[in-house]
Enquirer: 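Here's a structure for you.
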Amino acid sequence: MIDLPPRIALTDLPDLLSGRRAVITGRVAAAQDVPSLAALPVVETPAKTPSDADLVVVLGGGTRLDAAKAWRGRNRPDCALLAIPTRFGSGAEANDIAVLDDRGAKTIQKGPEFRPEYRAYLPGVLQTLPEDALLWSKGDALTHALEGLLSPLATDALRADLADVLHTMLDLSDPRDAEWFELSALANAGQAQASVGLVHGLAHVLEAPARAELATMGREDQLGHARLCSGFLAPVLRYNFTRSDKAADRLKAVGIDRDALLALANSISTPALDLPLDWPDLIEAHWKSILRDFCTRTNVATVRPATLTALITEVSAQ
């Protein structure tokens with residue numbers, strides 16, 4: 001069974017906060033309709049947390065949650081953390097990994113000190129997100145579940161758990177359904193027990209140079225980790241199918257319809273890659289870094305220097 005931090009229902013928040021010296025940070029406006037959260041003192045960043053506080057409530061996307069996890073783990077391990085995502089996909093509220101982002105360059109840290117003590121969800125926030133943001137969130141969550149399941153480091157028991165998550169994702173078409181929060185958390189915590197693959201290797205390496213190119217057009221805000229994972233989901237899935245039997249065999253063993261999965265991946269990847277960027281050129285220019293990325297090295301199908309052409313063919317076909 002995939003282990004998650006305790007989930008706190010909104011109705012139980014007053015009991016959790018009672019007697020605590022708690023502060024709130026991040027996208028605090030998202031909590032304005034929750035009285036127990038709206039009443040908390042606000043700090044600009046976790047680093048501004050008073051020394052006598054014993055609980056930090058952080059709201060935001062994966063980048064903001066991971067930054068709070070990293071700060072707490074390094075500086076205030078005595079202070080509990082309640083993580084509330086304002087979109088699904090990253091699942092950062094559910095695991096012991098902190099991914100730090102320095103203008104697209106990723107540093108990954110792992111340890112029990114980075115795992116939030118509690119998590120909660122505000123279902124209403126999904127109603128305010130644009131359609132494309134929801135699509136990228138869906139692609140991010142799917143990628144975590146799929147690459148965790150296919151990882152050579154996954155156990156049979158973990159693959160069975162992630163298969164259950166994938167089955168539910170394939171049946172849940174509405175990205176505004178609050179169930180995506182729980183599925184995203186399970187997918188992320190599951191892959192954290194194994195690893196991910198080439199989708200994440202590409203996303204981690206290419207985010208900084210791709211954003212730099214888009215910045216010259218004033219469009220850097222149109223690209224982030226979730227969109228990159230969404231864009232490379234289908235090309236890498238096709239690459240895995242053509243380079244090895246392992247991906248298809250592992251999906252078949254857990255009853256996942258590869259054609260249905262690929263169709264869903266295509267419907268996400270095609271719009272995600274629709275940016276004024278030469279993806280093949282970017283991949284080729286940064287191929288050595290992609291090969292060295294840890295996630296690439298745990299891809300279900302081996303990635304070698306000579307397989308660049310095969311990958312670019314799949315990306316170009318998207």
Enquirer: Please list, chain by chain and in numerical order, all residues satisfying side chain to side chain donor-acceptor pair (under 3.5 Å) with K138, sequence neighbours excluded.
Expert: none

Enquirer: Nearest heavy-atom pair of G62 and S90: which atoms, and what distance?
Expert: CA-OG, 3.3 Å

Enquirer: Partners of S137 by side chain to side chain donor-acceptor pair (under 3.5 Å), sequence neighbours excluded?
Expert: R87

Enquirer: Would you call R176 and E131 a salt bridge, using N to O less than 4.0 angstrom?
Expert: yes

Enquirer: For the CG atom of L186 and the NE2 atom of H144, what is their distance to the nearest 0.5 Å?
Expert: 13.0 Å

Enquirer: Determine which pairs satisfy side chain to side chain donor-acceptor pair (under 3.5 Å) with at least one residue from residues 53-73, sequence neighbours left out, and list them in order.
Expert: D66-K69, K69-N95, R72-E117

Enquirer: Please say yes or no: joined through hydrophobic side-chain contacts below 4.5 Å, possibly via intermediate residues, are V236 and L277 part of one cluster?
Expert: yes

Enquirer: Taking the side chain as every heavy atom from C-beta outward, state whether S230 and L135 have any atom pair closer than 4.5 Å.
Expert: no

Enquirer: Quick one: does T313's side chain have a donor or acceptor within less than 3.5 Å of a partner on T309's backbone?
Expert: yes

Enquirer: Which atom names give the shortest non-hydrogen contact between V303 and W287, and what distance separates them?
Expert: CG1-CH2, 3.6 Å

Enquirer: What heavy-atom pair brings S184 and G91 nearest, and what distance separates the two atoms?
Expert: OG-N, 3.5 Å

Enquirer: Any chain of hydrophobic side-chain contacts (each under 4.5 Å) joining F114 to L59?
Expert: no

Enquirer: Restricting to non-hydrogen atoms, name the atom on F88 and the atom on A141 that form the minimum distance, rounded to 0.1 Å.
Expert: CD1-CB, 4.4 Å

Enquirer: May I ask whether I268 and V199 are part of the same hydrophobic cluster, defined by side-chain heavy atoms of I, L, V, M, F, W, Y residues being less than 4.5 angstrom apart, directly or through others?
Expert: no

Enquirer: Taking ring pair (Phe, Tyr, Trp, His ring centres under 6.0 Å) as the definition, give me every residue that meets it alongside W279, ordered by chain and number, with sequence neighbours left out.
Expert: F232

Enquirer: Shortest non-hydrogen contact from Q191 to G148?
Expert: CB-CA, 4.0 Å

Enquirer: Does L198 offer a backbone N or O that forms a donor-acceptor pair with the side chain of E147 under 3.5 Å?
Expert: yes

Enquirer: So, taking the atom named CG in L264 and the one named CG in L233, what distance separates them when rounded to the nearest 0.5 Å?
Expert: 7.5 Å

Enquirer: Taking the side chain as everything from C-beta on, heavy atoms only, tell me whether L206 gets closer than 4.5 Å to I290.
Expert: yes

Enquirer: The criterion is ring pair (Phe, Tyr, Trp, His ring centres under 6.0 Å); which residues satisfy it with F181, sequence neighbours excluded?
Expert: Y121

Enquirer: Closer than 3.5 angstrom, by distance alone: can the side chain of R211 be matched with the main-chain N or O of G224 as a donor-acceptor pair?
Expert: no

Enquirer: Please walk me through it: do L82 and I24 pass side chain to side chain contact (heavy atoms under 4.5 Å, CB included)?
Expert: CA-CA 9 Å; L82 167 59; I24 188 169; over 6 Å; no

Enquirer: What are the two closest heavy atoms between H200 and T143, and how far apart are they?
Expert: CE1-CG2, 3.5 Å

Enquirer: Checking side chain to side chain contact (heavy atoms under 4.5 Å, CB included) for the pair V315/I312: CA distance, chi angles, key distance, verdict?
Expert: CA-CA 5 Å; V315 172; I312 284 179; 5.6 Å; no

Enquirer: Assigning hydrophobic clusters by single linkage (Ile, Leu, Val, Met, Phe, Trp, Tyr; side-chain heavy-atom cutoff under 4.5 Å), is L4 placed with L81?
Expert: no

Enquirer: According to a 4.5 Å side-chain heavy-atom criterion applied to Ile, Leu, Val, Met, Phe, Trp and Tyr, with indirect links allowed, do L262 and L311 form part of one hydrophobic cluster?
Expert: no

Enquirer: Taking C295's backbone N and O only, do any of them form a donor-acceptor pair with T298's side chain (distance below 3.5 Å, no angle check)?
Expert: yes

Enquirer: Mind checking what makes side chain to side chain contact (heavy atoms under 4.5 Å, CB included) contact with A212, not counting sequence neighbours?
Expert: none

Enquirer: Keeping R258 on the side-chain end and L251 on the backbone end, is there a donor-acceptor pair under 3.5 Å?
Expert: no

Enquirer: How long is the span from the CG atom in L166 to the CD1 atom in I256, to the nearest 0.5 Å?
Expert: 5.0 Å

Enquirer: Just by distance, no angles: are the side chains of R238 and Q318 close enough, under 3.5 Å, to form a donor-acceptor pair?
Expert: yes

Enquirer: For the NZ atom on K110, are there more than 12 heavy atoms of other groups (residues, nucleotides or ligands in this structure) within a distance under 6.0 Å?
Expert: yes

Enquirer: Enter the distance from L228:CG to H204:NE2 here, rounded to the nearest 0.5 Å.
Expert: 9.5 Å

Enquirer: Do V125 and R27 come close enough that some side-chain heavy atom pair is under 4.5 Å?
Expert: no

Enquirer: Is there a donor-acceptor contact under 3.5 Å from the side chain of T25 to the main chain of V58?
Expert: no

Enquirer: Sort and list the pairs that fulfil side chain to side chain donor-acceptor pair (under 3.5 Å) and have at least one residue in residues 155-170, not counting sequence neighbours.
Expert: none

Enquirer: Going by side chain to side chain donor-acceptor pair (under 3.5 Å), name the residues that satisfy it together with H225, two or more places apart in sequence or in a different chain.
Expert: none

Enquirer: Step by step, work out the side chain to side chain contact (heavy atoms under 4.5 Å, CB included) result for N266 and L237.
Expert: CA-CA 10 Å; N266 281 325; L237 187 55; over 6 Å; no

Enquirer: Between I8 and D12, is any pair of side-chain heavy atoms under 4.5 Å apart?
Expert: yes

Enquirer: What residues form a side chain to side chain donor-acceptor pair (under 3.5 Å) with T296, not counting sequence neighbours?
Expert: none

Enquirer: Identify every side-chain donor-acceptor pair in residues 30-52 under 3.5 Å, counting partners at least two apart or on other chains, and give the distances.
Expert:
residue: T45; atom: OG1; partner: A47; partner atom: N; Å: 3.4
residue: T49; atom: OG1; partner: P46; partner atom: O; Å: 2.6

Enquirer: First locate atom CH2 of W180, then atom CG of L134, and finally report the distance between them rounded to the nearest 0.5 Å.
Expert: 10.5 Å

Enquirer: Taking only residues two or more places apart in sequence, or in another chain, which ones meet W136 in a ring pair (Phe, Tyr, Trp, His ring centres under 6.0 Å)?
Expert: none

Enquirer: Hey, is R119 close enough to E182 for a salt bridge, meaning N to O under 4.0 Å?
Expert: yes

Enquirer: Between NE2 of H286 and CG of D281, what distance do you get to the nearest 0.5 Å?
Expert: 10.0 Å

Enquirer: What do the steps show when you test L126 against D177 for side chain to side chain contact (heavy atoms under 4.5 Å, CB included), and what is the final call?
Expert: CA-CA 8 Å; L126 296 184; D177 191 317; over 6 Å; no

Enquirer: I'd like to know if the side chain of R76 reaches the main chain of V56, judged simply by a donor and an acceptor atom lying under 3.5 Å from each other, with no hydrogens or angles considered.
Expert: no

Enquirer: Once side chain to side chain donor-acceptor pair (under 3.5 Å) is applied, what residue pairs with a partner in residues 240-250 remain, sequence neighbours excluded?
Expert: N240-N299

